Amino acid sequence: MTTLSTAHDVKARQRTGWSEQARHWYHQIEVTRRQWEPLSDGVLDLARVTAGDRVLDLACGVGDPSIAAARRVGPSGKVIATDLAPDMVAFTAQRAAEEGLTTVETHEMDAEAIDLPAASVDAVVCRLGLMFVPDLDRVCAGVRDVLVPGGRFATAIPWRPAGQAMPRLIGAILAALDLPPLPRPEPGSPGIFSLADASVVSAALEGAGLTGIEIRPYTLLHDFVSPDEWLEFLLALNLPLRLHLAGVPEARIRGTRQAAIDAMRPWIQDDGHVRFTAYGYYAAASRPAG
């Protein structure tokens with residue numbers, strides 16, 4: 001279990017690390033949209049987001065789900081984009097302004113401490129962020145409090161790590177650098193696959209008083225136009241990997257390119273694209289209407 005002091009340290013590292021990565025995420029916007037847009041649509045569908053809704057986006061990153069939600073709710077709705085990392089929030093605000101989406105509000109906010117009035121939003125979404133929070137129960141309790149009666153929550157979470165392509169690529173990069181593998185998170189601590197057991201999420205949602213809990217597996221086809229695009233995407237966006245590579249000269253990291261490409265060969269297609277399937281699940285629930 002994550003202790004209070006450990007949780008504080010984890011959040012401090014996340015806040016700093018994700019802020020430092022925000023610029024790289026912003027420069028990868030078109031790639032991330034192409035890879036993860038189906039998951040943004042999936043959580044919005046499960047949360048039943050429609051015109052006029054007020055939507056809270058937790059762990060918004062550089063704003064993909066928030067931008068998609070703003071288009072759905074239209075001028076009569078509102079989207080509150082929140083993230084622990086201030087630079088992520090700033091880039092979300094910049095994107096909304098560039099697209100003329102005046103209904104998007106941005107706030108630096110810890111998902112474990114939702115600072116909004118009770119029963120003030122119709123839907124809460126969290127795409128690929130819930131597995132990084134130290135205290136899942138606090139998040140779910142906050143979600144219940146902020147939802148209107150009958151309001152919906154939906155999230156997308158990775159699972160089946162043994163079947164994923166990404167760990168194989170990371171392993172090849174680290175081996176080429178003579179570095180140890182990424183450390184396995186302690187049980188109960190945040191990490192990409194920390195919520196691979198969907199029953200943990202179901203129990204947290206139920207414990208918070210949410211009902212109508214749904215778990216729906218998904219498969220997501222990733223399609224990168226080249227091995228280099230996948231490598232750049234991984235190095236730009238994978239915070240645990242970047243933290244593990246801290247202190248390694250960038251030139252040495254770039255020198256692993258051939259080892260990385262060799263690891264990708266099972267997924268390199270005849271047209272030069274890299275295609276592989278990622279696995280995860282959606283979890284959705286409602287605040288009781290009564």
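Index from 1, following the sequence. All figures in this text were calculated on a predicted structure; none of them were measured in a lab.
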* To do: Given salt bridge (charged side-chain N to carboxylate O under 4.0 Å, His left out), test D110 with K11 step by step and report yes or no.
  => CA-CA 9 Å; D110 184 345; K11 288 181 187 180; 2.7 Å; yes
* To do: Apply the test side chain to side chain contact (heavy atoms under 4.5 Å, CB included) to residues L220 and W36: give CA-CA distance (whole Å), side-chain angles for both, the deciding distance (0.1 Å), then the verdict.
  => CA-CA 8 Å; L220 178 67; W36 289 332; 3.6 Å; yes
* For T32 and L237, run side chain to side chain contact (heavy atoms under 4.5 Å, CB included): C-alpha distance rounded to whole Å, both residues' side-chain angles, the deciding distance at 0.1 Å, then the answer. => CA-CA 9 Å; T32 59; L237 273 59; 3.3 Å; yes
* To do: Test E30 against R33 for salt bridge (charged side-chain N to carboxylate O under 4.0 Å, His left out), laying out the working first.
  => CA-CA 5 Å; E30 288 308 312; R33 182 195 57 76; 3.2 Å; yes
* For Y218 and Y281, run ring-ring contact (aromatic ring centres under 6.0 Å, His included): C-alpha distance rounded to whole Å, both residues' side-chain angles, the deciding distance at 0.1 Å, then the answer. => CA-CA 5 Å; Y218 69 75; Y281 64 91; 7.8 Å; no
* To do: Evaluate the side chain to side chain contact (heavy atoms under 4.5 Å, CB included) criterion for residues W267 and F224: first the C-alpha distance (whole Å), next the side-chain angles of each, then the deciding distance (0.1 Å), finally the verdict.
  => CA-CA 10 Å; W267 302 288; F224 295 91; over 6 Å; no
* Please assess H8 against R13 for the test side chain to side chain contact (heavy atoms under 4.5 Å, CB included), listing each intermediate value before the final yes or no. => CA-CA 9 Å; H8 182 273; R13 289 195 299 270; over 6 Å; no
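Between the CD1 atom of I67 and the CZ atom of R95 there is a distance of 5.0 Å, given to the nearest 0.5 Å. Between the CG atom in L210 and the OG atom in S202 there is a gap of 11.0 Å [rounded to 0.5 Å]. To the nearest 0.5 Å, atoms CD (Q35) and CG (L221) are separated by 8.5 Å. Note that CG of D83 and CD of E108 are 8.5 Å apart. Values are rounded to the nearest 0.5 Å. The distance from atom CG of L56 to atom CG of L147, rounded to the nearest 0.5 Å, is 8.5 Å. Once rounded to the nearest 0.5 Å, the distance linking SG of C60 with CE of M88 reads 8.5 Å.
Residues satisfying the side chain to side chain donor-acceptor pair (under 3.5 Å) criterion with R254, sequence neighbours excluded, are E232, E250.
Of the possible polar contacts, one joining the W159 side chain to the G280 backbone as a donor-acceptor pair under 3.5 Å is found. R152 contributes a side-chain N or O that, together with a main-chain N or O of L46, makes up a donor-acceptor pair within less than 3.5 Å. T82 contributes a side-chain N or O that, together with a main-chain N or O of D57, makes up a donor-acceptor pair within less than 3.5 Å. Without hydrogens or angle criteria, E105 side chain to T103 main chain gives no donor-acceptor distance under 3.5 Å. Side-chain atoms of E214 do not come within 3.5 Å of backbone N or O of A283 as any donor-acceptor pair. Counting only distance, with no hydrogens or angles, the side chain of E112 and the backbone of V133 share no donor-acceptor pair below 3.5 Å. For the pair T256 (side chain) and I253 (backbone), a donor-acceptor distance under 3.5 Å is present. Counting only distance, with no hydrogens or angles, the side chain of R54 and the backbone of G77 share no donor-acceptor pair below 3.5 Å.
The closest side-chain heavy-atom distance from V200 to L136 is below 4.5 Å. The closest side-chain heavy-atom distance from P181 to H244 is not below 4.5 Å. A 4.5 Å side-chain heavy-atom check between N238 and F233 finds every atom pair outside the cut-off. By the 4.5 Å heavy-atom criterion applied to side chains, C140 and E206 are not counted as neighbours. Side-chain contact between P158 and M131 is present, with heavy atoms from C-beta onward closer than 4.5 Å. Side-chain contact between H273 and H222 is absent, with no heavy atoms from C-beta onward closer than 4.5 Å. Residues F91 and R23 are in side-chain contact: their nearest non-hydrogen atoms beyond the backbone lie under 4.5 Å apart. For the pair L245/L179, a side-chain contact is recorded, criterion being any heavy-atom separation below 4.5 Å from C-beta on.
Linking ILVMFWY residues whenever their side-chain heavy atoms come closer than 4.5 Å, directly or via other members, leaves V31 and V225 in distinct clusters. Residues L84 and I157 fall into different hydrophobic clusters, defined by Ile, Leu, Val, Met, Phe, Trp and Tyr side chains chained together at heavy-atom separations under 4.5 Å. Grouping the Ile, Leu, Val, Met, Phe, Trp and Tyr side chains by contacts below 4.5 angstrom, directly or via other members, places L239 apart from V89.
Between D45 and R72 a salt bridge is recorded (basic side-chain N to carboxylate O distance below 4.0 Å). A salt bridge is absent between E20 and R242; no separation between the charged side-chain nitrogens and carboxylate oxygens falls under 4.0 Å. The pair D145-R287 does not count as a salt bridge, with every side-chain nitrogen at least 4.0 angstrom from each carboxylate oxygen.
Listed here is the closest heavy atom pair of A81 and S66: CB-OG, 3.2 Å. In terms of heavy atoms, G61 sits closest to T92 at O-OG1, 2.9 Å. Shown here for I29 and Y26, the closest heavy-atom pair between the two residues is CG1-O, 2.9 Å. Residues A236 and Q28 come closest through the heavy atom pair CB-CG, 4.0 Å. Taking every heavy atom of both residues into account, V148 and S120 meet most closely at CG1-N, 4.3 Å. Taking both residues in full, the closest heavy atoms of L182 and P240 are given as CD2-O, 3.8 Å, listed atom of the first, atom of the second, then distance.
At most 12 non-hydrogen atoms from other residues, nucleotides or ligands lie less than 6.0 angstrom from CG of D115. The neighbour count for Q94 CD, taken as heavy atoms of other residues, nucleotides or ligands under 6.0 Å away, is above 12.
Here W18 and F132 bring their ring centres to under 6.0 angstrom of each other.
Paired with L58 under the rule side chain to side chain contact (heavy atoms under 4.5 Å, CB included), one option of T155, V125, I80, V139 passes, and it is V139. Considering V43, D41, V55, D122 as possible partners of V49, the one that fulfils the side chain to side chain contact (heavy atoms under 4.5 Å, CB included) test is V55.
Counting only N and O atoms by type, the side chains of S199 and D197 include a donor and acceptor under 3.5 Å apart. Side-chain contact, D64 with S40: no donor N or O sits under 3.5 Å from an acceptor N or O.
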